[in-house]
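Here's the structure we're looking at; comments come further down.
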Amino acid sequence: MRGVLIDIFHRLLDRYSNQNWWPADTKDEIVIGAVLTQNTAWRNVERAIENLKRSNLCSLDGINSADIDVLKENIKPAGFFNQKASYLKNIAAFFCQHGGFDGLNRLDTARLRKMLLSVKGIGKETADSILLYVFDRPIFVVDAYTKRLLKRHGIAHEAEYDQIQRIFMENLPCDVGLFKEYHALIVRNAKEFCKTRPDCSGCPLEGLL
DNA sequence: CACCAGGAATGTA
DNA sequence: TACATTCATGGT
């Protein structure tokens, strides 16, 4: 198992090189993007973030003080704008209540994860994305692409989030940089092949099937 | 026209 | 616990 996961990582890395995720200018923007991208194409998230930047609302403080309807209007391209506007408000308030990034960064990872999960609008993937890419904690992010990859290569047939997360974390060196890069490469590869080419011909993981 | 995209909350049995 | 439904825009 361990060898397979490391083999996959190196094949992806050889093909695409470092991705240096998350694609954002600030930590606040990562949090915002993590919510906006829930079940949504990243292209549409980019439009929403452009709107927020133009309105000077692309920060947690900005979201805190923004009018909810203005917020909705800005993030409309990302879909589910009624829910996501509330979610963003919840998360911005949460950060504010706990002393912002520096305040929350004092907490241990397990505690911080539970607190993030208690915020309405933050599920497992969003929480782990924030833990990994904002707080630099060694947590493996599992998304639809990750589940599909493991299923396709017969590594794990169950689609349970915690199960899949454990498979990665128990069989890889516990390294923040590795976890960041691995998840980024899985997304990159999925967008490159599995999406546009159903047969996955030319995919760097072809030999593993 | 249908289907999907870097999910999560809510309701039902 | 295990599923089903809802949320919404833009691309293919």
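Per chain, numbering begins at 1; letters A, B, ... match sequence-line order. All values below come from the heavy atoms of this structure, side chains included, with hydrogens, waters and symmetry mates left out.
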- Query: Where each residue is assigned the nucleotide of DNA chain B containing its nearest heavy atom, which of A:Y87 and A:T37 is assigned the position nearer the 5′ end?
  - Reply: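 It is A:T37 whose nearest nucleotide is closer to the 5' end.
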
Acceptor/donor pairs from residues 98-106 of chain A side chains to any protein atom, 3.5 angstrom cut, sequence neighbours excluded:
from: A:N105; atom 1: OD1; to: A:R137; atom 2: NH2; distance (Å): 3.0

Please report, rounded to the nearest Å, how far the [atom2] atom of [N] is from the [atom1] atom of [X].
X: A:D143; N: B:dA8; atom1: CG; atom2: P; value: 10 Å
X: A:R148; N: B:dA5; atom1: CZ; atom2: P; value: 6 Å
X: A:Q38; N: B:dC4; atom1: CD; atom2: C1'; value: 17 Å
X: A:D162; N: B:dA8; atom1: CG; atom2: P; value: 12 Å
X: A:Y161; N: C:dT1; atom1: OH; atom2: P; value: 17 Å

- Query: Under the salt bridge (charged side-chain N to carboxylate O under 4.0 Å, His left out) test, which residues partner A:R166, sequence neighbours left out?
  - Reply: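 A:R166 satisfies salt bridge (charged side-chain N to carboxylate O under 4.0 Å, His left out) with no other residue.
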
- Which residue pairs pass the side-chain hydrogen bond (donor to acceptor under 3.5 Å, both in side chains) test with at least one member in residues 123-133 of chain A, sequence neighbours excluded?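 For residues 123-133 of chain A: A:Q38-A:T126, A:R113-A:D128, A:K124-A:D162, A:D128-A:Y161, A:D128-A:Q165.
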
- Query: Contact class for A:I122 vs. all strands (heavy atom < 4.0 Å): base, sugar-phosphate, or nothing?
  - Reply: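 Sugar-phosphate contact only - A:I122 comes under 4.0 Å of backbone atoms but never of a base.
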
- Looking across every strand, which nucleic acid part, if any, lies under 4.0 Å from A:V119 by heavy atom: base, sugar-phosphate, or nothing?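 The residue A:V119 makes sugar-phosphate contact but no base contact.
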
Side-chain donor/acceptor pairs under 3.5 Å, residues 72-82 of chain A, sequence neighbours excluded:
from: A:K72; atom 1: NZ; to: A:N82; atom 2: OD1; distance (Å): 3.1
from: A:N74; atom 1: OD1; to: A:S55; atom 2: OG; distance (Å): 2.7
from: A:N74; atom 1: ND2; to: A:V70; atom 2: O; distance (Å): 2.7

- Report the nucleotide, chosen from B:dG7, B:dA5, B:dA9, that has the shortest atom-to-atom distance to any side-chain atom of A:T126.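 The answer is B:dG7, which lies nearest to the side chain.
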
- How does protein contact run along nucleotides 7-12 of chain C, one letter per nucleotide 5' to 3', with B for base contact, S for sugar-phosphate only, - for none, heavy atoms under 4.0 Å? BBBSS-

- Should A:I130 and A:L117 be regarded as members of a common hydrophobic cluster, given that ILVMFWY residues are connected when their side-chain heavy atoms come within less than 4.5 Å of each other, either directly or indirectly?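 Different hydrophobic clusters.
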
- Item | Nearest-angstrom distance, C1' atom, C:dG11 to B:dA8 |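 Per the computed distance, 23 Å lies between those C1' atoms.
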
Sequence neighbours left out, cut at 3.5 Å: what donor-acceptor pairs do the side chains of residues 25-32 of chain A make with other protein atoms?
from: A:D25; atom 1: OD2; to: A:K53; atom 2: NZ; distance (Å): 2.8
from: A:T26; atom 1: OG1; to: A:E29; atom 2: N; distance (Å): 3.1
from: A:K27; atom 1: NZ; to: A:V134; atom 2: O; distance (Å): 3.0
from: A:D28; atom 1: OD2; to: A:L60; atom 2: N; distance (Å): 3.0
from: A:E29; atom 1: OE1; to: A:D25; atom 2: N; distance (Å): 3.3
from: A:E29; atom 1: OE1; to: A:K53; atom 2: NZ; distance (Å): 3.3

